Amino acid sequence: MLDIRLIREQPDFVKEGLSKCGVAPDKVDEVLRCDEERRAIETEVSELRAKRNAGSKEIGKLADNEAREAFKTEMRLIGDKISELDLRRNELEEIQSDLMLAIPNIPDPEMPIGADDRDNPVVRVEGEPRKFDFTPKPHWEIGTDLGILDIERGVKISGSRFYVLKGLGAALQRALISWFLDVHIQTQGYTEIYPPFVVKEECLFGTAQLPKFRDNQYHDVEDDLWLVPTAEVPVTNLHREEILDPGSLPIKYVAYTPCFRREKMSAGRDVRGIKRGHQFDKVEMVKMVKPEDSREELISLLDDAEEICRQLKIPYRVVEVCTGDKGFANVRQFDLELFAPGQGENPGDGEWLEVSSCSNFTDYQARRANIRFRREQGAKPEFVHTLNGSGLALPRVMIAVLENYQNADGSVTIPEVLRSYMGGKEVITKA
RNA sequence: GGAGAGAUGGCUGAGUGGUCUAAAGCACCCGCCUGCUAAGCGGGAGUAGGGGGUAUACCCUUACCUCGGGUUCGAAUCCCGAUCUCUCCGCCA
């Protein structure tokens, strides 16, 4: 959520910033109108209450019964007026809150301006795509032939966009998860979190998946719980409604969770293979930092994610996301894309697969989730800045590993960093 | 799932309709004093909103005792509902 004071005091700045990501300026005017009326009523109610509080105190002291009754009647009338104004105030409060929740964060001045993902500049490309002396196959062929990926049975038991990993396929994914976590924990200073995979609704409002992306969430009606679409949700909300003690920042968490998404918006897209499923695994880094540090922390977060790509020895590129394509709550965003030689229009074209998205949310999520900190004992609470980034998303890393490390005979070499996680095995061959 | 108990400030914990403007203690900040590892004394201090203003000061005011309703001139306190926690029983990986 944006700061209402910023909207009040610098409406033109807010409008201009939001226009870069396609938000009409009258959204801001609506908020201002609502805010003004609400404050006027607030003042009136506040004065009436003061009057009643004083009056009620007098009644307690009055001895004369008649005067007492008359006074009571007077106070009752004030009370009625208060209830009436309260109704309108609550109404306005709700309208304003709904409006505020639907306004995205204002892009950082450094965020490139653009209309959609075609305008996202490539910041840099790392590593050379491997030269194949055969036509590289897509992962669904490699995986199916090796007997480690079973798409048909996934669909049989759970429907489209589900698949089953088997044998060394399942082991490879588990190895990746463990190794990702260990890199972040042991060499980058993150603390591991194992959170619940279902959360209460308010958590999704906190990180801003709700209200806008309701259609993409799995919701259990019976207990009113939501399946997490990313570990960002439970982990960021760990400190909701808290004031963190001096010295506790920066906080760096890393968590593995499955992620559940309905993908209604992507119907018909990426239906082949395991690129886009309703359930996928991901390791996610979440940081909470002091406001003045968040710009730099984004760069180091990106580097922490890149470290995985480097060690995997798979070519990747860094893309900066433009204003028209940015996430709802962030001010700046970098995506990491691994090269997958078996993807693309024609066999052997290759394609860049998004495996990470690193974002700075400034105080936007912190304000929604009410996460604050004190600089010193007794200092005024301030909102933290939150950041998060995948490190990394599993299915697409699986695709990249299978396709980059495939051999002419259909086997797949296991990347060196993963071998100790797979019992020393070096190659996946047909079982 | 059944029965019962409970939820008060950063923490502990009193408070059963009106000086609650929430006692007291711990922790915290400032000052004083004493040269014994620290104690004593005095003072201060919550969060959010609104109004004023000489506008980072300061003043006024409202709300907040888990949350939401209700009763009342007036609710931490009484009533209803929800949530959460704990105890016991049952079931269970």
Side-chain angles (χ1 to χ4, degrees), chain A residues 1-10 31-101 194-206 219-226 234 237-249 251 291-292 363-364 366-384:
Chain A
M1 212 153 35
L2 296 178
D3 186 354
I4 183 65
R5 283 193 202 105
L6 180 69
I7 298 180
R8 239 182 249 158
E9 285 158 24
Q10 299 180 58
V31 171
L32 284 169
R33 268 200 305 278
C34 194
D35 183 54
E36 200 175 328
E37 190 187 345
R38 203 202 82 244
R39 274 153 65 208
I41 291 176
E42 196 90 51
T43 307
E44 196 179 348
V45 167
S46 174
E47 279 162 5
L48 285 173
R49 274 194 218 273
K51 208 162 156 190
R52 185 179 66 177
N53 285 350
S56 291
K57 234 171 223 181
E58 286 306 309
I59 289 173
K61 293 178 191 162
L62 279 181
D64 180 61
N65 226 350
E66 214 168 292
R68 217 173 144 117
E69 286 310 312
F71 216 164
K72 274 194 190 179
T73 310
E74 196 184 319
M75 289 304 112
R76 191 180 301 126
L77 289 176
I78 294 180
D80 291 347
K81 181 75 184 161
I82 292 172
S83 315
E84 194 185 303
L85 289 171
D86 253 349
L87 280 178
R88 178 64 182 155
R89 196 204 45 182
N90 289 343
E91 200 184 328
L92 287 166
E93 224 165 52
E94 205 181 318
I95 294 170
Q96 186 174 341
S97 156
D98 287 350
L99 288 169
M100 294 285 284
L101 288 171
Y194 174 85
F197 300 160
V198 292
V199 293
K200 299 187 201 174
E201 186 177 82
E202 63 229 48
C203 293
L204 286 144
F205 275 96
H219 178 218
D220 166 48
V221 178
E222 196 167 348
D223 293 312
D224 195 19
L225 288 170
W226 300 70
N237 279 282
L238 280 178
H239 294 296
R240 67 176 296 110
E241 308 291 340
E242 286 185 26
I243 300 175
L244 301 163
D245 290 328
S248 36
L249 299 183
I251 289 173
E292 64 271 26
D363 59 359
Y364 188 91
R367 187 170 282 112
R368 288 167 87 117
N370 201 20
I371 307 168
R372 294 173 294 170
F373 76 104
R374 284 186 218 276
R375 287 178 190 277
E376 292 152 32
Q377 278 286 344
K380 249 202 158 346
E382 297 173 53
F383 289 112
V384 303

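As the structure is a prediction and not an experimental result, all values here were calculated from the model. Below, chains carry the letters A, B, ... as their sequence lines are ordered, and counting in each starts from 1.
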**Asked** With rounding to whole Å, what would you report as the distance between B/U16 and B/G6 at their P atoms?
**Response** 14 Å
**Request:** Rounded to whole angstrom, note down the P distance from B/C64 over to B/G9.
**Result:** 15 Å
**Request:** Give the rounded distance in Å between these two atoms: CD of A/Glu382 and C1' of B/U56.
**Result:** 13 Å
**Item:** Atom pair distance, as rounded to whole Å: CZ in A/Arg375 and P in B/C29
**Value:** 19 Å
**Message:** Is the shortest side-chain heavy-atom distance between A/Leu2 and A/Tyr364 below 4.5 Å?
**Reply:** yes
**Asked** Who does B/G74 pair with, Watson-Crick or G-U, both distances under 3.5 Å?
**Response** none
**Asked** In terms of side-chain heavy atoms of A/Ala50, which of B/U62, B/C73, B/U21 is nearest?
**Response** B/U62
**Asked** Looking only at atom P, what distance separates B/A93 and B/A3, rounded to whole Å?
**Response** 25 Å
**Message:** Can you measure A/Ile59 atom CD1 to B/G74 atom P for me and round it to whole angstrom units?
**Reply:** 8 Å
**Message:** Give me the distance, rounded to whole Å, that separates B/U21 from B/A76 when you measure between the C1' atoms they each carry.
**Reply:** 14 Å
**Request:** Decide, yes or no, whether a salt bridge links A/Arg88 with A/Glu84 under the criterion of side-chain N to carboxylate O below 4.0 Å.
**Result:** no
**Message:** How long is the straight-line distance from CG of A/Asp35 back to CZ of A/Arg5, given to the nearest 0.5 Å?
**Reply:** 10.5 Å
**Prompt:** With both distances under 3.5 angstrom, what nucleotide forms a Watson-Crick or G-U wobble pair with B/A3?
**Reply:** B/U87
**Request:** Using atom CG of A/Asp223 as one end and atom P of B/U83 as the other, report the distance to the nearest whole Å.
**Result:** 10 Å
**Request:** Using heavy atoms to find the nearest nucleotide of RNA chain B for A/Lys72 and A/Ser56 separately, return the residue whose nucleotide is more 5′.
**Result:** A/Ser56
Name the pairs: protein N/O against N/O of nucleotides 46-52 of chain B, kept only if under 3.5 Å.
{"from": "B/U47", "atom 1": "O3'", "to": "A/Arg372", "atom 2": "NH1", "distance (Å)": "3.1"}
{"from": "B/A48", "atom 1": "OP1", "to": "A/Arg372", "atom 2": "NH1", "distance (Å)": "3.1"}
{"from": "B/A48", "atom 1": "OP2", "to": "A/Lys380", "atom 2": "NZ", "distance (Å)": "3.4"}
{"from": "B/G49", "atom 1": "OP1", "to": "A/Arg5", "atom 2": "NH2", "distance (Å)": "3.4"}
{"from": "B/G49", "atom 1": "OP2", "to": "A/Arg5", "atom 2": "NH2", "distance (Å)": "3.4"}
{"from": "B/G50", "atom 1": "OP1", "to": "A/Arg8", "atom 2": "NH1", "distance (Å)": "3.3"}
{"from": "B/G50", "atom 1": "OP1", "to": "A/Arg8", "atom 2": "NH2", "distance (Å)": "2.7"}
{"from": "B/G50", "atom 1": "O2'", "to": "A/Thr43", "atom 2": "OG1", "distance (Å)": "2.5"}

**Request:** Starting at atom CD of A/Glu202, determine the distance to atom P of B/A82, rounded to an integer number of angstrom.
**Result:** 18 Å
**Prompt:** Are more than 12 heavy atoms from other residues, nucleotides or ligands located less than 6.0 Å from atom CD of A/Glu36?
**Reply:** no
**Message:** Would you measure the distance from the P atom in B/G4 across to the matching atom in B/G81 and give it in whole Å?
**Reply:** 13 Å
**Message:** Would you measure the distance from the P atom in B/U8 across to the matching atom in B/G13 and give it in whole Å?
**Reply:** 9 Å
**Contact letters for nucleotides 63-68 of chain B, in which S counts primed atoms plus P, OP1 and OP2 and B counts the base, heavy atoms under 4.0 Å** = S-----
**Asked** Is a side-chain donor or acceptor of A/Arg52 paired with a backbone partner of A/Met75 at a separation under 3.5 angstrom?
**Response** no
**Request:** To the nearest 0.5 angstrom, please state how far the CG atom of A/Asn90 sits from the CG atom of A/Leu85.
**Result:** 11.0 Å
**Fill in**
By the Watson-Crick or G-U definition, both distances under 3.5 Å, B/G46 is matched with B/C64
**Prompt:** Donor-acceptor pair, A/Asn237 side chain versus A/Cys203 backbone, under 3.5 Å?
**Reply:** yes
**Message:** Could you tell me how far apart A/Glu58 (CD) and B/G18 (C1') are, to the nearest whole angstrom?
**Reply:** 11 Å
**Prompt:** For B/A27, which nucleotide is its Watson-Crick or G-U wobble mate, given both distances must be under 3.5 Å?
**Reply:** none
**Prompt:** Taking the C1' atom of each, how far is B/G90 from B/A7, in whole Å?
**Reply:** 26 Å
**Asked** Could you give the distance from CZ (A/Arg49) to CD (A/Glu44), rounded to the nearest 0.5 Å?
**Response** 12.0 Å
**Prompt:** Roughly how far apart, to the nearest Å, are B/U72 and B/C79 at atom C1'?
**Reply:** 12 Å
**Item:** Contact check, side chains of A/Leu101 and A/Met1, non-hydrogen atoms, under 4.5 Å
**Value:** yes
**Request:** Measure the CZ-CZ distance between A/Arg8 and A/Arg39 for me, rounded to the nearest 0.5 Å.
**Result:** 4.0 Å
**Assigned partner base of B/C32, Watson-Crick or wobble definition, under 3.5 Å** = B/G40
**Prompt:** So do A/Gln96 and A/Ile4 actually touch side chain to side chain, heavy atoms under 4.5 Å?
**Reply:** yes
**A/Leu48 side, atom CG; A/Ile41 side, atom CD1 - distance, nearest 0.5 Å** = 11.5 Å
**Asked** With a cut-off of 6.0 Å (strictly less than), are more than 12 heavy atoms of other residues, nucleotides or ligands near CD of A/Glu94?
**Response** no
**Residues from residues 78-101 of chain A lying under 4.0 Å of RNA chain B - heavy atoms** = none
